[in-house]
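In this text, all values refer to a predicted model and were calculated from it rather than measured experimentally.
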Amino acid sequence: MPEADEVDEEEEMPLSLRLSIADTLTLGNATCGFMAVYFTTTGILIPHLTGSQESGMARHSAATAVILMLCAAVFDLFDGLVARKLRSSPMGAELDNLSDLISFGLAPAYFVLVYGMVADDAHQRVAALGAIVVLLAVVLRLARFSCVTMKDGMFQGMPSPFGALTVVSIVLLELPFVATLLAILGTAWLMVSRVEYPKPRGRLAGAMLTWIVLSMGLLAAWAFDAPSGQLLLQTGCALQLVMGAVIPLFATARRVNNFRDNRREARAAQLP
């Protein structure tokens, strides 16, 4: 009997390790996140440490790193859609969380850390603290997502891809260091908050994909020093911040309205 059990376990094990199409997209997400760290290191950090003054190379590498994070967001968007349409393996949920941690936790936190080392008015240790806060916020955000059941169509807290892109946009805006740090900490708080965000489905998914493609275009124009490329990039980053601030306001207003409606219904039910 023990031998039969061992044979059964050996036959079942490969089935649990088979990757679905959705899992392959998830691994693409993780790869993009790792490559974003690579380009941030080789194109921004190392030239700074070696005294290279090639600002064009740093701009190209920064744009490439952010574009890779945007590509990771595309993979993250489509792996969920494919998993719902086709199937996902038993490892799907775990792979998704681990990949998101790389692309939307480690990569943007490392981007903030490097910013603190290369920016003229930045404070390295304080920026490192901000990077740690971003990383821990994503870790807590993903852990809570695995444990807490939300109503269909909603997230609790800013989704990690949206939060990562907001953090990177704050850095690219080149605001004063204190304003940059406060905005980053605010974004990290939104990721672990109880503010509800809609899931990207249907038209919202299409709008998100369009915004990602547009952002890639803005980054490419900035990287290749196109006319008004800097202004276009700053406009795009500012819009990202506005969306990050406005969505919670709409969510809070809807919550207040729902609370008032419930109170009115309760009072009406108590009337004779």
Side-chain angles (χ1 to χ4, degrees), residues 29-73 101-139 160-161 163-188 191 215-238 240-241 244:
N29 172 5
T31 302
C32 289
F34 174 77
M35 292 305 296
V37 173
Y38 169 79
F39 278 100
T40 303
T41 302
T42 58
I44 303 176
L45 180 59
I46 292 179
H48 173 75
L49 295 177
T50 57
S52 174
Q53 300 297 325
E54 297 182 12
S55 59
M57 178 182 176
R59 187 168 61 247
H60 279 79
S61 298
T64 302
V66 180
I67 287 175
L68 284 166
M69 293 184 214
L70 290 167
C71 290
L101 179 58
I102 296 171
S103 299
F104 311 125
L106 175 62
Y110 187 70
F111 200 82
V112 172
L113 178 66
V114 173
Y115 154 75
M117 299 177 69
V118 303
D120 294 333
D121 65 335
H123 300 277
Q124 182 176 337
R125 293 182 179 180
V126 180
L129 179 62
I132 292 173
V133 171
V134 171
L135 180 63
L136 294 181
V138 175
V139 171
S160 53
L165 298 180
T166 303
V167 167
V168 171
S169 297
I170 293 168
V171 175
L172 292 177
L173 270 176
E174 298 181 357
L175 300 171
F177 177 73
V178 175
T180 299
L181 183 64
L182 291 176
I184 289 173
L185 294 179
T187 304
M191 283 193 279
S215 299
M216 289 181 179
L218 296 175
L219 285 163
W222 173 65
F224 290 100
D225 203 16
S228 303
Q230 181 73 21
L231 178 60
L232 290 172
L233 178 69
Q234 291 180 343
T235 302
C237 293
Q240 177 73 28
L241 266 66

For residues [X] and [Y], report the shortest heavy-atom separation together with the two atoms involved.
| X | Y | result |
| --- | --- | --- |
| G236 | L218 | CA-CD1, 3.8 Å |
| C237 | L173 | CB-CG, 3.7 Å |
| G130 | L181 | CA-CD1, 4.1 Å |
| Y115 | A122 | O-CB, 3.9 Å |
| P108 | A164 | CG-CB, 3.7 Å |
| Q240 | S169 | CG-OG, 3.4 Å |

- prompt: Looking only at atom types and distance, does a side-chain atom of T187 sit under 3.5 Å from a main-chain N or O of G163, one as donor and one as acceptor?
  reply: no
query: Under 3.5 Å, side chain of S103 to main-chain N/O of N29, donor-acceptor pair present?
result: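 Yes; judged by distance alone, with no hydrogens or angles, the pair exists.
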- prompt: Do V134 and F111 come close enough that some side-chain heavy atom pair is under 4.5 Å?
  reply: no
message: Quick one, H60 and F224 - any side-chain contact, counting heavy atoms below 4.5 Å?
response: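 Answer yes - side chains close enough.
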Straight-line distance of [X] [atom1] to [Y] [atom2], nearest 0.5 Å:
| X | Y | atom1 | atom2 | value |
| --- | --- | --- | --- | --- |
| I184 | T166 | CD1 | OG1 | 11.0 Å |
| W222 | Q234 | CH2 | CD | 10.0 Å |
| L101 | L135 | CG | CG | 6.5 Å |
| L45 | S61 | CG | OG | 11.0 Å |
| L68 | F34 | CG | CZ | 11.5 Å |
| L49 | I44 | CG | CD1 | 11.5 Å |

message: If you apply the rule side chain to side chain contact (heavy atoms under 4.5 Å, CB included), what do you find for D225 with R59, and how did you get there?
response: CA-CA 9 Å; D225 203 16; R59 187 168 61 247; 3.9 Å; yes
- prompt: Do other residues, nucleotides or ligands put more than 12 heavy atoms under 6.0 Å from F177 CZ?
  reply: yes
